[in-house]
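One structure is given here, and the rest of the page talks about it.
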Amino acid sequence: MDYIYFDNAASTPLRKEVKEYMLELMDGAYGNPSSTHAQGRKAKVILESSRKSIAKNLDCLPAEIIFCSGGTEADNAAISLAISDLGVQRILTSPLEHHAVLHAADRWAKHFNISVEILAVDEKGRIDLEALETKLANGPKTLVSLMHGNNEIGNLLDLEKVGNLCREHEAFFHSDTVQTLGHFPMSLKNLPVDFATASSHKFHGPKGVGFLYIDRRVKVSSFITGGAQERGLRGGTESIVQIGGLARALELACADMDQDRAYILDLKRRFWEGLKALFPKAYTNGLSGEYDESLYTVLSVSIPELAQDSMLLFNLDLKGIAVSGGSACSSGSVQKSHVIAAMNPQHEDSVLRFSFSRNNTLEEVQKVLDVLKEMKAKL
Ligand SMILES: Cc1ncc(COP(=O)(O)O)c(C=O)c1O
């Protein structure tokens, strides 16, 4: 069976060029980058050239990139460091954040006895920025944590606007940029963001590796204690193969970005148009139907005409089509999404998240529409 993979917001397949480079590194760069002998130095060169390449692609300094195990670790680190090292007494965040942020905020806030305030969102998931400004004008030293691109509904945030508000009120700003780094042009030097987070498997790199960007003016100590790796911030021998793969994947993503973006947006647009023609009652969730205000990779829809098919995701899977019911859940079960519930607690229709990548084709779009049409006919 030919599989169709429309779940790229959960994870993207490794790019062939990245895999080849990683295989090269597996054989050739086995030294510990902290060792002073030739094999160690070789690994160190790969580590630092990867960091440089990432910094060049994101327009920041190499020293601002701290490698770690991925988005979850980077989000946790940003939040815990802001509280432990920067004197933050309050976290302002939104109900749309990934659990890596929401659970970390809850945990560290409890641990340090500080407050977490959740900003209101409207029925499209737009964050109330006026309320943010009012809150920032009053209250203690604050960390604002708001994601750039939402993994479930695709909503994009104006980083410049939020970051400038934070600067005006001397708050720190962390943005979970896991869904947007490698997908949108980014000049971290020019963005008013103190912490940003990345995960390589969202742009065709390997899983289990990512980084935390920390603006050079923000002074923090270690978030994982041990050796002095990563400028003393994150102890542990760096995984050279993963880091090399991450850097290569980002290089390729940035080089192909304009072309890929136009191509993927066209797939999303055609898929949504086809879906609407088939199911007149179908609607998009959040801003994912607003092409300028959402991730071009994500289309979140509900299809009332298919509501009777309680096994929809399972039936699509049987047909070799991978999509998600909102968001991938770590336990493997699909639970009601906290993001959808935050926008509309009464939302009853099931949610399908189709997410696309450069590997998908128009032919696949048509095949999935055909399968959905067949399912409709059988109801
Ligand atoms: C927005 C967002 N933040 C954080 C994460 C977690 O990243 P990782 O899988 O690298 O831990 C994800 C992954 O699903 C994500 O989509």
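When a ligand or atom number is given, it counts from 1 through the structure's own listing order. Bear in mind that the values here come from a model prediction, so they are computed numbers and not experimental data.
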Going through the checks in order, is the ring pair (Phe, Tyr, Trp, His ring centres under 6.0 Å) test met by Tyr296 and Phe184? CA-CA 10 Å; Tyr296 53 88; Phe184 289 86; 5.3 Å; yes
Look at atom CG of Asn113 and say whether more than 12 heavy atoms of other residues, nucleotides or ligands are closer to it than 6.0 Å. no
Neighbour count >12 (heavy atoms, 6.0 Å) for atom OH, Tyr283: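 Yes, because the 6.0 Å sphere around OH of Tyr283 holds more than 12 heavy atoms from other groups.
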Would you please write out the protein residues whose heavy atoms approach any atom of ligand 1 to under 4.0 angstrom, listed by chain and number? Gly70, Gly71, Thr72, Asp75, His98, Met147, Asn151, Asp176, Val178, Gln179, Ser199, His201, Lys202
Are side-chain N/O atoms of Ser115 and Arg90 paired as donor and acceptor at under 3.5 Å? no
Anything under 30° is parallel, anything over 60° is perpendicular, the rest tilted; go ahead and classify His111 against Trp108. perpendicular
Among Lys268, Arg270, Arg269, whose salt bridge (charged side-chain N to carboxylate O under 4.0 Å, His left out) with Asp266 holds? Arg270
